[in-house]
Amino acid sequence: MKFYAEITVNLKPKNKAEEACQNMAKNYNRALIGSKEIRDVLINDFKRTVDKINKDNRRCGDVKISHWTHEDEKTVAFGDSTHITFKKIVTEINQK
């Protein structure tokens, strides 16, 4: 099963920590993820990265990371400003 990563930026970042999370998330926009296992590893990497960003930016309020699943989609939220949604690829077209 493959997934497509799509980023949504809802708000302008309030501080350096949110800005760093947004920049990190933008690296994954429109990425193709090869399996559920790789997707789950990425989500754990996001958690570690956000923890590091929070430690490096102690003067800023902590960016909270959360995730939820809806049908075949899994969404990861970085505070209120940024979301990454992993959408299941239903049809793959290979043209020769």
Close side-chain approach of Glu73 and Lys88, heavy atoms under 4.5 Å | no
Side-chain hydrophobic cluster, 4.5 Å single linkage: members besides Ile89 = Tyr4, Leu32
Under a 4.5 Å cut-off applied to non-hydrogen side-chain atoms, are Asn10 and Thr8 in contact?
-> yes
How long is the gap from CG on Asp40 to NE2 on His67, to the nearest 0.5 Å?
-> 8.5 Å
Could you pull out all residues at least two apart from Ala20 that satisfy side-chain contact (heavy atoms from CB on, under 4.5 Å)?
-> Ile53
Measure the spacing between CZ of Arg39 and CG of Asn44 and express it to the nearest 0.5 Å.
-> 11.0 Å
Partner residues of Asn15 under the side-chain contact (heavy atoms from CB on, under 4.5 Å) criterion, sequence neighbours left out | Ala17, Glu18, Cys60
State which residues pass ring pair (Phe, Tyr, Trp, His ring centres under 6.0 Å) with Phe78; sequence neighbours excluded, sorted by chain then number.
-> Phe46
Can Ile7 and Lys26 be said to form a side-chain contact (heavy atoms from CB on, under 4.5 Å), step by step?
-> CA-CA 7 Å; Ile7 183 174; Lys26 286 178 182 178; 3.8 Å; yes
Side chain proximity check, Val50 to Cys21, heavy atoms < 4.5 angstrom = yes
Output all residues satisfying side chain to side chain donor-acceptor pair (under 3.5 Å) with Glu37, sequence neighbours left out; order by chain, then residue number.
-> Ser35
Those residues that, when tested against Asp56, pass side chain to side chain donor-acceptor pair (under 3.5 Å) (two or more places apart) = Lys52
May I have the step-by-step check of salt bridge (charged side-chain N to carboxylate O under 4.0 Å, His left out) for Lys87 and Glu6, ending in yes or no?
-> CA-CA 8 Å; Lys87 298 181 177 190; Glu6 181 177 83; 3.0 Å; yes
Are Val41 and Met24 in one and the same hydrophobic cluster, where Ile, Leu, Val, Met, Phe, Trp and Tyr link if side-chain heavy atoms are under 4.5 Å apart?
-> no
4.5 Å side-chain heavy-atom contact, Gln22 and Val9 | yes
Yes or no on side-chain contact (heavy atoms from CB on, under 4.5 Å) for Phe86 and Ile43, after CA distance, side-chain angles and deciding distance?
-> CA-CA 10 Å; Phe86 297 98; Ile43 291 170; 4.1 Å; yes
Given side chains that start at C-beta, do those of Ile84 and Thr75 come closer than 4.5 Å, heavy atoms only?
-> no
Audit row: Asp45, Arg48, salt bridge (charged side-chain N to carboxylate O under 4.0 Å, His left out) steps and yes/no | CA-CA 5 Å; Asp45 287 346; Arg48 283 191 291 276; 2.3 Å; yes
Got a sec: does the CG of Asp62 have more than 12 other heavy atoms crowding it under 6.0 Å?
-> yes
Going by heavy atoms in the side chains, are Asn54 and Val63 under 4.5 Å from each other?
-> yes
Is the shortest heavy-atom distance from the side chain of Met1 to the side chain of Phe3 under 4.5 Å?
-> yes
